[in-house]
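Working notes for the structure below.
Bear in mind that the values here come from a model prediction, so they are computed numbers and not experimental data. One-based numbering, in listed order, for ligands and for the atoms of each.
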Amino acid sequence: MDKFLIEGGHLLEGRITASGAKNAALPAMAASLLTDQSVTLRNIPRVRDIGTMRSLLDELGVDSSIKHEEHGNRLEIQARQLLNPVAPYELVKQMRASVLVLGPLVARFGHARVSLPGGCAIGARPINLHLKGLEALGASVRMDHGYVEVRTDGLRGTTFNFDTITVTGTENLMMAATLAEGSTILENAAREPEIEDLANLLNAMGASIEGAGTDTIRIHGVSSLHGAEHPIIPDRIEVGTFLVSVAMAGGHLVVDRAEVGQLTSVIAKLGEVGVKVRANGPHELEVEKDGTLCAVDISTQEYPGFPTDMQAQCMALMTQAEGASVITETIFENRFLHALELMRMGADITVEGRRAIVRGKTPLSGAKIQASDLRASASLVLAGLAAEGETVIDRVYHIDRGYERIEEKLNRVGARIRRFSD
Ligand code: EPZ
């Protein structure tokens, strides 16, 4: 099991490149199930979750091939036929985004048997709204020994309103509706950029979708979809993580192949803290730490609000800011696991339910700590950059799920991170 040994106190200086967004690539891979023709995805990030999704497609009997390119991988997928419409527990428990095959399988083949994902470190992660939406489209849903069995003789368009805004729920139903008879309206839909990217792919495949990126999405069903080639958007959370890394370690970075417009809430919040972020055009950001950081309150919201996937990284940042910061996690019920590890490094944090109070500035000292989930791991790496002495982070497989060799990218701009295993 790999670990990181981080030597704190080194300024970051230079240029760092964003990879493709894991949370755009995963639904795009699932979307390839909607056609028997070849779908080519580019700018695919080299992260573990992509490998897990490929294993799942392989399990379903779907061919895929990958080719290394300068920016990310090129992934070709062709779901000519389906040998086995089952997403097994062994894979789904590794990655709950496996549930994204549900909508496409039901729409194309009329049947899917997907293990219930179960909870994870950050919360219960139910999929009740995915299932309620598929029922509204005319599918039958049955629970069976930890699996959900979904069948239909043909999906029919409907109007469906989400009780709670759900990113993968919106993606699953948008994909399913592309092959439904008639039109579907999704109300109170998630507005994340990854949803807009998925709609762009689906429309390139012959779907007819309007309004993706807003809270109301209209899908006009078509009889079949064809192949397409599509570049995955940059990972806005990876970019946000790099912006915070400079605020923690000091220095100056240029982040390229970014999508500046997707980061307005993060850039605005960092500006309040006193981190100087400048856009050099729509795809490049320049960031530097310039003097004292001041504590700000943060409340996570659905897009375009402040992203929950940046909360852990900013909690680490608040330990280095002067004053008290109140962080409210409105999306997930248990997303403060990183607080306990930051406290072992010297942070002053009080957690009360979905609210955490960070009192800074407290010097951080290197310690042996443990990663618990993807973004919590990122916050611990950031804390290690700022800490005095050496930090050892265990279970870095969590971070490899969503960051492409983060230690290589950061070492190229001055960090000292060594990956090793017992
Ligand atoms: C997506 O997860 C992302 N994952 C998450 O990123 C991200 O944190 C999250 O959206 C919120 O932005 C992918 O895109 C693969 P939700 P998702 O459904 O879709 C409740 C990362 O770090 N809910 O939007 O699973 C749910 O409990 C990951 O890359 C229901 O109640 O999140 C939560 O409280 C972590 N019923 C809220 O909605 C449902 O049927 C938002 O969850 C579905 C969701």
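Around CD of E69, the count of heavy atoms belonging to other residues, nucleotides or ligands within 6.0 Å exceeds 12. Other residues, nucleotides and ligands contribute at most 12 non-hydrogen atoms within 6.0 Å of the CZ atom of R218.
You'll find the side chain of L186 stays beyond 4.5 Å of the side chain of T216, heavy atoms only.
With hydrogens and angles left out, the side-chain atoms of R354 and T330 include no donor and acceptor closer than 3.5 Å. For the residue pair Q313 and H338, no side-chain donor N or O sits within less than 3.5 Å of a side-chain acceptor on the partner. Side chains of H130 and N172: a donor on one and an acceptor on the other come within 3.5 Å.
When heavy-atom distances to ligand 1 are checked against 4.0 Å, the residues falling inside are K22, N23, R96, A97, R125, P126, I127, N128, L129, H130, T164, I165, T166, V167, T168, T308, D309, I331, F332, R335, L374, R375, ordered by chain and number.
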